[in-house]
Student: 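Shown below is the structure under consideration.
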Amino acid sequence: MSKPSIPQGTRDFSPAEVRKRQYIFNTLRSIFELYGFQPLETPSMENLVTLTGKYGEEGDRLIFKILNNGLNAQTDDTKKKMNDEWEKMLSKSYSSPVITERALRYDLTIPFARYVVMHQNELAFPFRRYQMQPVWRADRPQKGRYREFWQCDADVVGSTSLINEAELLCIYEEAFVTLGIPFVIKINSRKILAGMAELCGHPDKLIDMTVALDKVDKIGLHGVEKELTDKGFDAKSVDILKELVRGEIAYSNNQEIIDELRSKMQGSEIGLEGVREIEKSIEYHKSLSKYGGEKIKIPFEVNGMQLSFSSGINVDISLARGLNYYTGVIVEVIPYGVKMGSIGGGGRYDDLTGLFGLKNLSGVGVSFGVDRIYDVMDELKVFPQRLVEGTQAMLVNFGGENEAYALQILQQLRSAGIAAEIYPDAAKFDKQMKYANKRSIAFVLLPGDEERLKNMVAVKNFTTGEQKTVSVSECIEILRG
RNA sequence: GAGAUUGUAGCUCAGCUGGUUAGAGCAUCAGAUUGUGGUUCUGAGGGUCGUGGGUUCGAACCCCAUCAGUCUCCCCA
């Protein structure tokens, strides 16, 4: 007999894990609602054509495709075509609608864009929505990377105002402060990156350049230099880029970095535009933020040491972000104190709905990676203690008349809004107590012969061990705390 | 797509240069204890050592293949 298993990169969530995950979802949901975003859900699967070509070559490879049903029930002509297409699929990267026409969603942004286009006449623009649903990627799983994971996105479409950028920055800030995760929000603009490519005289090599720059934290300035050279950048342009990145490292203050960039970007109109956008976004954020745009000290614990980290927004021109559809401001959130990739990212996309035929609709959005956020919070031990508490009260089942008495008490407890349960079998006392202990039940109620005859119940606080016999209404007061 | 590493009881893992009946802790069940849990004591059940081949008198251990998990690169949340 083989042991049961689940597909690679997927997980079961135990009751305690679900509680903690729901805490994250609830926190994000209430913040999204506070900022005026409306909930939206879309199907787990989309038509494959909706997804292909939106995430780059690598992205297409990672889309989970769904095999069509009824492949055997086709006409001979269709079957012949299926055979031909199958051969093609085996020989190269290709997929055919006769074999597969649906796929699991890869992110929440593209389905959202599809939704906006389909419902453009019903929506009031600017349209603000949040969405919390699982997505699937056929990637090789590793630390912080799963094949099924949840994203929580907030997007605004139909407005080019940088107030939107600022609001999304506030949402990030508020969310991570509330969750207790020390963070850095890196901010950059695709336009600055384009400006940099322009200054080097290689506007065509934008992607190569950004991919290389993005690795500066990992491989250092020398590594980046090497990669740029490998990609065909000449010594002069490598110097220009190095100078820009190094200049940024020299300043810790965002305004100084912005001023520095502005002087270096002279000669690139698009670059200057990017600088202006970032500056304006940060300015709006400053007036909108609960924290006045200042860094926020967030305490955390590593190896028993109490530390804290000044969390906030950092202008970082090495930030690239993989998805091709971004055109303006881009952001990414990195946790501090844990070795983990980004726990959130987003940016502005000027023409995402254009892919589906609706032109000139700009959008901007952010995404939260819930599974990574969970892993970070677990590692930093910042989940609130109260989440692990189980049912408030359990009634011990003494059988016979006492069972009927217990059921009647149980009904009263629930009517009073107290989460309660009864041990369903008249099992040995010891067994019932052990069960309650294991379940982290807060109070155990003992409705036995003695109590029943006096129309009372014994209440035992399972944390302190304290016990007393009281009436049902007094019991309810105790359980309410 | 490339690489590293690990697969032994429900879980975490021991198991020496190959040697006779494969162990421990935790968990489970039963009992000490038929109205007082978290601590203790006693006992029990549970494994064709991931799978398939090969080498050998003999394989959990060595070799080959295969499958699965974990991690790294690529890329990403």
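All chains are named by letter (A, B, ...) in the order of the sequence lines, taking the proteins before the strands, and each is independently numbered beginning at 1.
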Student: Could you list the residues that satisfy side-chain hydrogen bond (donor to acceptor under 3.5 Å, both in side chains) with A:Glu477, not counting sequence neighbours?
Tutor: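 A:Glu477 satisfies side-chain hydrogen bond (donor to acceptor under 3.5 Å, both in side chains) with no other residue.
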Student: What contact category does A:Lys215 fall into here, base, sugar-phosphate, or nothing, at under 4.0 angstrom with non-hydrogen atoms?
Tutor: sugar-phosphate
Student: Which whole-number value in Å describes the distance from A:Ile110 CD1 to B:A77 P?
Tutor: 12 Å
Student: Base, sugar-phosphate, or nothing for A:Asp371, non-hydrogen atoms under 4.0 angstrom?
Tutor: nothing
Student: Write down the distance between CG (A:Asp139) and C1' (B:C73), rounded to a whole number of angstrom.
Tutor: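 So the two atoms are 12 Å apart, to the nearest Å.
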Student: Using a 4.0 Å heavy-atom cut-off, does A:Gly448 contact any base of the nucleic acid, only the sugar-phosphate backbone, or nothing at all?
Tutor: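 Base, at least one base atom sits under 4.0 Å.
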Student: Taking side chain to side chain contact (heavy atoms under 4.5 Å, CB included) as the test, write out the residues that go with A:Val472, two or more places apart.
Tutor: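 Result, side chain to side chain contact (heavy atoms under 4.5 Å, CB included) vs A:Val472: A:Ile409, A:Gln412, A:Ile476.
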Student: Does B:A30 have its OP1 or OP2 closer than 4.0 Å to a side-chain nitrogen or oxygen of A:Lys428?
Tutor: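 For B:A30, neither OP1 nor OP2 has a side-chain N or O of A:Lys428 closer than 4.0 Å.
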Student: Can you tell me how far P in B:A77 sits from the matching atom in B:A2, rounded to whole Å?
Tutor: 24 Å
Student: Send over the distance from A:Glu57 CD to B:G1 P, rounded to a whole Å.
Tutor: 14 Å
Student: Give me the distance, rounded to whole Å, that separates B:G50 from B:C61 when you measure between the P atoms they each carry.
Tutor: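 Here B:G50 and B:C61 have their P atoms 8 Å from each other.
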Student: For the pair made of CZ in A:Arg372 and C1' in B:C75, what is the distance, rounded to whole Å?
Tutor: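 Those two atoms, CZ and C1', are 11 Å apart.
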Student: Decide yes or no for A:Pro447 and A:Leu395: does some side-chain heavy atom of the first lie under 4.5 Å from some side-chain heavy atom of the second?
Tutor: yes
Student: Take atom CD of A:Gln142 and atom P of B:C71, then tell me their distance rounded to the nearest Å.
Tutor: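 The answer, rounded to whole Å, is 7 Å.
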Student: Can you tell whether the side chains of A:Asp139 and A:Arg145 come within less than 4.0 Å, N to carboxylate O?
Tutor: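 Salt bridge: yes.
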Student: Salt bridge or not between A:Arg61 and A:Glu58? Use side-chain N to carboxylate O under 4.0 Å.
Tutor: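 Looking at A:Arg61 and A:Glu58, the cut-off is met.
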Student: Counting Watson-Crick and G-U wobble pairs whose two distances are both under 3.5 Å, find the runs of 3 or more in a row that involve RNA chain B.
Tutor: B:1-7 with B:67-73, B:10-13 with B:23-26, B:28-32 with B:40-44, B:50-54 with B:62-66
Student: Should the side chain of A:Arg145 and the base of B:C75 be counted as holding a donor-acceptor pair, with the cut-off at 3.5 Å?
Tutor: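 Counting by modelled atom types and ignoring angles, a donor-acceptor contact under 3.5 Å is found here.
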Student: Identify, with sequence neighbours excluded, every residue that meets ring pair (Phe, Tyr, Trp, His ring centres under 6.0 Å) alongside A:Trp150.
Tutor: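 Here the qualifying residues are A:Phe25.
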Student: Is the distance from OP1 or OP2 of B:A68 to the nearest side-chain N or O of A:Gln8 less than 4.0 Å?
Tutor: no
Student: Mind checking salt bridge (Lys or Arg N to Asp or Glu O under 4.0 Å) for A:Asp234 and listing every partner two or more places apart, or none if nothing turns up?
Tutor: none
Student: In whole Å, what separates the C1' atom of B:U12 from that of B:U70?
Tutor: 15 Å
Student: Could you give the CG-to-C1' distance, from A:Asp153 to B:A77, as a whole number of Å?
Tutor: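 Taking CG of A:Asp153 and C1' of B:A77, I get 10 Å after rounding.
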Student: When rounded to the nearest Å, what value does the distance between C1' atoms of B:G46 and B:U28 take?
Tutor: 9 Å
Student: Which whole-number value in Å describes the distance from A:Ile63 CD1 to B:C76 C1'?
Tutor: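 From A:Ile63 CD1 to B:C76 C1': 14 Å.
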Student: Please identify each residue that fulfils salt bridge (Lys or Arg N to Asp or Glu O under 4.0 Å) with A:Asp12, with sequence neighbours left out.
Tutor: none
Student: When you check every protein heavy atom under 4.0 Å of nucleotides 36-41 of chain B, what one-letter string (B, S, -) results, 5' to 3'?
Tutor: BBB---
Student: A:Tyr106 has an atom OH; how far is it from atom P of B:A77, in whole Å?
Tutor: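 One finds 7 Å between P of B:A77 and OH of A:Tyr106, rounded.
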Student: Which of residues 23-50 of chain A have a heavy atom under 4.0 Å from RNA chain B?
Tutor: none
Student: Distance between the C1' atoms of B:C41 and B:A60, in whole angstroms?
Tutor: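 Their C1' atoms lie roughly 34 Å apart.
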Student: Just checking A:Gly144: base, sugar-phosphate only, or nothing, at a heavy-atom cut-off of under 4.0 Å?
Tutor: base
Student: Between B:A65 and B:G45, how far apart are the two P atoms, rounded to whole Å?
Tutor: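 To the nearest whole Å, 41 Å.
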Student: Judged by each residue's nearest nucleotide on RNA chain B, which is more toward the 5′ side, A:Arg61 or A:Ser342?
Tutor: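 It is A:Arg61 whose nearest nucleotide is closer to the 5' end.
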Student: Indicate, with a heavy-atom threshold strictly under 4.0 Å, whether A:Tyr146 touches base, sugar-phosphate, or nothing.
Tutor: base
Student: Checking all strands, does A:Val211 fall into the base, sugar-phosphate, or nothing category for heavy-atom contacts under 4.0 angstrom?
Tutor: sugar-phosphate
Student: Sequence neighbours left out, what passes ring pair (Phe, Tyr, Trp, His ring centres under 6.0 Å) with A:Tyr435? Give chain and number order.
Tutor: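 Ring pair (Phe, Tyr, Trp, His ring centres under 6.0 Å) list for A:Tyr435, sorted by chain: A:Tyr423.
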Student: Distance to the ring centre below 6.0 angstrom and angle to the axis at most 45 degrees; does that hold for A:Arg128 and A:Phe37?
Tutor: yes
Student: Could you list all the ring-ring contact (aromatic ring centres under 6.0 Å, His included) pairs where at least one residue sits in residues 162-181 of chain A, not counting sequence neighbours?
Tutor: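 Those involving residues 162-181 of chain A are A:Tyr172-A:Phe176, A:Tyr172-A:Phe368, A:Phe176-A:Phe183, A:Phe176-A:Phe368.
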Student: Using only side-chain N and O atoms of A:Gln151, determine if any of them is under 4.0 Å from OP1 or OP2 of B:A77.
Tutor: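 Checking A:Gln151 against B:A77: no side-chain N or O falls below 4.0 Å of OP1 or OP2.
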Student: Work out how far the P atom of B:U6 is from that of B:U48, and round it to whole angstrom.
Tutor: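 Comparing P positions in B:U6 and B:U48 gives a spacing of 24 Å.
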Student: Distance check, P atoms only: B:U33 and B:U42, in whole angstrom units.
Tutor: 16 Å
Student: Name all residues meeting the salt bridge (Lys or Arg N to Asp or Glu O under 4.0 Å) criterion together with A:Lys428; count only those two or more places apart in sequence or in a different chain, and write none if there are none.
Tutor: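 Expected list: none.
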Student: Any donor-acceptor pair under 3.5 Å linking the side-chain atoms of A:Asp60 with those of A:Thr52?
Tutor: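 No, no side-chain donor-acceptor pair sits under 3.5 Å.
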Student: Can you name the residues that form a salt bridge (Lys or Arg N to Asp or Glu O under 4.0 Å) with A:Arg140, not counting sequence neighbours?
Tutor: none
